[in-house]
Amino acid sequence: MKARVFVTLKNGVLDPQGKAIHHALEGLGFSGVNDVRQGKMIELDLADGTSDADIEAMCTRLLANTVIENFRVERQ
C-alpha cells in the first residue's frame, strides 16, 4: 500500500523558497502569478494493514513540523 503525505507551511509563516520561486517566474516573463507557497510530497510504501493512526504518528513525530507546517495524507 502506498500513501502520499503533502506537507505545506501554515498560513502566516514566511516562505522564502516560495518568494524565490515567485521572483524567478516573474524574471522568466510569467505574469499572473500572485503568490507561491512551496511544500513537499513524501511517498511512503507501507505494509498492508498500516493504520491511519500509525501514519498520523509518522507525520507528527518526523515528517512534518506541526508548529509551522500542515500535512494531509492520501492513501493510494
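Throughout, residue positions are numbered sequentially from 1 according to the sequence presented. Since we're looking at a predicted model, the values are computed, not measured.
- For the side chain to side chain contact (heavy atoms under 4.5 Å, CB included) test with Leu44, the passing option among Arg4, Met58, Lys2 is Met58; the others fail.
- Taking a 6.0 Å sphere around CD of Gln17, one finds it holds 12 or fewer heavy atoms contributed by other residues, nucleotides or ligands.
- A 6.0 Å sphere centred on CG of Asp45 holds more than 12 heavy atoms belonging to other residues, nucleotides or ligands.
- No donor-acceptor distance shorter than 3.5 angstrom exists from the side chain of Asn70 to the backbone of Thr8, with no hydrogens or angles considered.
- Shown here are the side-chain hydrogen bond (donor to acceptor under 3.5 Å, both in side chains) partners of Gln76, two or more places apart in sequence or in another chain: there are none.
- Of the candidates Ile42, Val73, Ile55, Ile42 is the only one forming a side chain to side chain contact (heavy atoms under 4.5 Å, CB included) with Leu63.
- Shortest non-hydrogen contact noted between Leu9 and Leu14 is CD1-O, 3.7 Å.
- By the side-chain hydrogen bond (donor to acceptor under 3.5 Å, both in side chains) test, Asp52 pairs with Arg75, sequence neighbours left out.
- With a 4.5 Å cut-off on side-chain heavy atoms, Phe71 and Glu56 count as touching.
- Atom CZ of Phe6 and atom CD of Glu43 lie 9.0 Å apart (nearest 0.5 Å).
- Counting all heavy atoms, side chain and backbone alike, Asp35 lies closest to Lys19 at OD1-NZ, 3.5 Å.
- Of the inter-residue distances, the one linking Cys59 atom SG with Arg72 atom CZ reads 11.5 Å to the nearest 0.5 angstrom.
- Taken together through direct or relayed side-chain contacts under 4.5 Å among Ile, Leu, Val, Met, Phe, Trp and Tyr, Met41 and Val5 form parts of separate hydrophobic clusters.
- In this structure, the side chains of His22 and Arg37 stay at 4.5 Å or more apart for every pair of heavy atoms.
- Proximity of a side-chain donor or acceptor of Thr50 to a complementary backbone N or O of Leu46 within less than 3.5 Å is not detected.
- Among all heavy-atom pairs drawn from Lys10 and Thr66, the shortest one is NZ-O, 2.8 Å.
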